[in-house]
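A short write-up of the structure that comes next.
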Amino acid sequence: MDQIIVAIRSRHVLLHFGSEHRDSSDKKHRDKERLKLKDGSSDKQKDKHKEKKKEERADSSSFDLFGDMVQINNVLVPALCGAILVACVGMLVYILPSLCFFMPFRWEEERYTDGVKWKFLEHKGPVFAPPYDPLPSNVKFYYDGKHMKLSSTAEEVATFFAKMLDHEYTTKEVFRKNFYKDWRKEMTSEEKSKITDLNKCDFSEMSEYFKAQSEARKAMTKEDKQKIKEENERILQEYGFCIMDNHKERIANFRIEPPGLFRGRGDHPKMGMLKRRIRPEDIIVNCSKDSKHPKPPPGTKWKEVRHDNKVTWLVSWTENIQGSIKYIMLNPSSRIKGEKDWQKYETARRLKKCVERIRAQYRDDWKSKEMRIRQRAVALYFIDKLALRAGNEKEEGETADTVGCCSLRVEHLTLHQEMDGQEYVVEFDFLGKDSIRYYNKVPVEKRVFKNLQLFMEDKEPEDDLFDRLNTSILNKHLQELMDGLTAKVFRTYNASITLQQQLNEITNSEDNVPAKILSYNRANRAVAILCNHQRAPPKTFEKSMQNLQTKIDAKKEQLADAKRELKSAKADAKVRRDEKSKKAVESKKKAVQRIEEQLMKLEVQATDREENKQIALGTSKLNYLDPRISIAWCKKFGIPIEKIYNKTQREKFAWAIDMAEKDFQF
DNA sequence: TGTTTCACTTAGGAGTCCCCCT
DNA sequence: AGGGGGACTCCTAAGTGAAACA
């Protein structure tokens, strides 16, 4: 633990030095400080300082805000700290402990002070969706076979529908009904009286037009594509970053969601409703008082500008479908997200230390004379054993009908006294988050089985299985068992511990790199299966599998050829006994080896892909597996980290890459 | 105490990019 | 050089859980 703290501290000494000293936001004061720093520094110090500045520049864009920030960075580090910083650079390792002692570090402070998330926050606000671009006059809309010119507002909404025409969404009754209802609200009274039946609306010209547009986009010249790319890059540089406590951080979703038709997942009662356009007047901006506040577009106003440093979001607005709040927040690579992520895994590791005690307790509770305690204990058993989600209550009719553990209904379970030669089997069949089906047959202990029978007694299929339980009760109980324990920690814990165990078990140090990576993917897959992370099989799956098989066959033939050639070269060498033919044998041998390796690689690839058909590895990799496990594994077995984590993932897990040594165990 | 609100994490699909093979 | 297909990025919906509120 100490080691971890030192590791993360060292990172933050480098990255966030001096942030605590920025109490005054007075620019004049800052400038003064800068002067002091300049005058007070020795030449050597100045040089180092320059170097640091250079680094920061390279890191920042030339953009105004951040050009400014480079300065602020310098200014903000008061003279004393600047001097210490300079002195530190070369001997960081030695003075770290004492440094830690003296300096209140932000990550530390955050955890111990009352919910303060930052002290300085500056950004440029969101990027709004482009305004509606009306259709050219030759693209027509027909009602009941007759051309009809729509008002701009009604036309825009119609284009949303036209763009989705190929999607099966638009055939669903609920979708059409919701769309039609909301569309009418946008029509002029004249349009309203004319258009009375969605089935008589002909959007096909619009649809064709958009298809042609997308074709045209694909067919654009390289130069035009390059131009668009550059423009996007410019917007990214301008709006995609913010300054949070002296650091330029990437913003995750700085573009406001464009208007369109709501596409819920699964059987969503609100599918097809109009998601309205967000205007500056809908936007709440959050930034620090002493920052340069973002400017609303000319002629508009923000709904509000606030300075709440107890939250991490930069911008928020209320969405009209569910009435929920949407946020703009930082990228996963940011300090604020990274620290939270790290914390999450540390909580899961604390659970590891007491999970046996908790298990003993809930097993004991299966015998409790109180119904609520038995229910709690059985639910917890499911959450622990099957990695089910907590299952908060949901408002009926507002969302798709999905459940988690606490909201399971009688109809989602079937009890089998005996099944496939196993006793006490529970068959689960329900829709979970995102309407992904959870189907599983699980042998359980007799006591659990008997309890389930009891809970289901005299109930209708649509009744709650755990009628004396909800997530709030469960989490309150968990909180008493361990500080910071909630239902979701079990998912994190079980996912990570599974990866660790699987890796320990199935990695063969004799294997070559591709085979080891196959082992890794298999371990990852075990977790994905546990967490029920599914995906739709890729549309091209069968075909790409076939292609791969063709390649494998070709490679096999190639191998046979190479072997034949080797054999004849050997025979030749036996006869001739000269250097040249010996060399020929050697090179043929190498060829065979190379081809064997290539074949093996292909076969591994095929296995991996086949096993992965319906399983999504990404979600667990990104959200449930302590990255230190994977990094330690890479280090231990000499696997380049890039084979496991791509660039984005490495950025997100920078904290872990910094701190995990090869002997790290979850 | 139950309900609502808010903040933040987790999730799969769509869209885009880019690399490798032909 | 073109294009097929996998990898990656973007998008935003859908969860969790704590705090505020009634």
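Everything numeric in this text was worked out from a predicted model, so none of it was measured.
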Quiz item: Where each residue is assigned the nucleotide of DNA chain C containing its nearest heavy atom, which of A:Gly404 and A:Lys647 is assigned the position nearer the 5′ end?
Solution: A:Lys647
Quiz item: A:Gly264 or A:Gln649: which one's nearest nucleotide on DNA chain C is closer to the 5' end?
Solution: A:Gln649
Rounded distance in Å - [atom1] ([X]) to [atom2] ([N]):
X: A:Lys326; N: C:dC11; atom1: NZ; atom2: P; answer: 12 Å
X: A:Met271; N: C:dT12; atom1: CE; atom2: C1'; answer: 16 Å
X: A:Glu398; N: C:dA14; atom1: CD; atom2: P; answer: 12 Å
X: A:Glu610; N: C:dG6; atom1: CD; atom2: P; answer: 13 Å
X: A:Lys218; N: C:dG4; atom1: NZ; atom2: C1'; answer: 13 Å
X: A:His268; N: C:dT12; atom1: NE2; atom2: P; answer: 15 Å
X: A:Ile321; N: C:dG15; atom1: CD1; atom2: C1'; answer: 18 Å
X: A:Lys340; N: C:dG17; atom1: NZ; atom2: P; answer: 12 Å

Quiz prompt | All ring-ring contact (aromatic ring centres under 6.0 Å, His included) counterparts of A:Trp317, not counting sequence neighbours | solution = none
Under 4.0 Å, counting only non-hydrogen atoms across every strand here, what does [X] touch: a base, just sugar-phosphate, or nothing?
X: A:Leu622; answer: nothing
X: A:Lys229; answer: sugar-phosphate
X: A:Tyr327; answer: base
X: A:Gln534; answer: sugar-phosphate
X: A:Ala536; answer: sugar-phosphate
X: A:Ala487; answer: sugar-phosphate
X: A:Thr312; answer: sugar-phosphate
X: A:Lys433; answer: base
X: A:Ser316; answer: nothing
X: A:Pro258; answer: sugar-phosphate
X: A:Lys275; answer: sugar-phosphate
X: A:Asn392; answer: base
X: A:Gly432; answer: sugar-phosphate

Quiz prompt | A:Asn253 side-chain N/O to C:dC11 phosphate OP1/OP2 under 4.0 Å | solution = no
Quiz item: When the ring planes of A:Phe428 and A:Tyr438 are compared, do they come out parallel, tilted or perpendicular, using 30° and 60° as the limits?
Solution: perpendicular
Exercise. Looking only at side-chain atoms of A:Asn646, point me to the closest of C:dG15, C:dC8, C:dA14.
Key: C:dC8
Practice problem: Would you indicate which nucleotide in C:dG17, C:dC8, C:dA13 comes nearest to any side-chain atom of A:Thr648? | Solution: C:dC8
Exercise. May I ask you to check whether A:His268 and A:Phe262 place their ring centres under 6.0 Å from each other?
Key: yes
Exercise. Answer with yes or no whether the side chains of A:Tyr345 and A:Ser496 bring together a donor and an acceptor at under 3.5 Å.
Key: no
Self-check item: Any side-chain donor near an acceptor of the partner, A:Glu233 and A:Gln237, under 3.5 Å
Solution: yes
Exercise. Name the first nucleotide and the last nucleotide along DNA chain B (5' to 3') that come under 4.0 Å of a heavy atom in chain A.
Key: B:dC6 to B:dC18
Exercise. Specify the residue among A:Glu393 and A:Arg217 whose closest nucleotide of DNA chain B lies further upstream toward the 5′ end.
Key: A:Glu393
Quiz item: Nearest nucleotide by nearest heavy atom, which residue falls closer to the 5' end of DNA chain B, A:Arg265 or A:Asp308?
Solution: A:Asp308
Quiz item: Heavy-atom count around A:Glu557 CD within 6.0 Å, excluding the residue itself: above 12?
Solution: no
Self-check item: Salt-bridge contact A:Lys647-A:Glu651 (side-chain N to carboxylate O under 4.0 Å)
Solution: yes
Practice problem: For side chain to side chain donor-acceptor pair (under 3.5 Å), just list the numbers for A:Asn309 and A:Ser288, CA-CA rounded to whole Å, side-chain angles, deciding distance to a tenth of an Å, and then say yes or no. | Solution: CA-CA 7 Å; A:Asn309 70 357; A:Ser288 52; over 6 Å; no
Quiz prompt | Approximate separation, where rounding is to 0.5 Å, of A:Glu156 CD and A:Phe161 CZ | solution = 16.0 Å
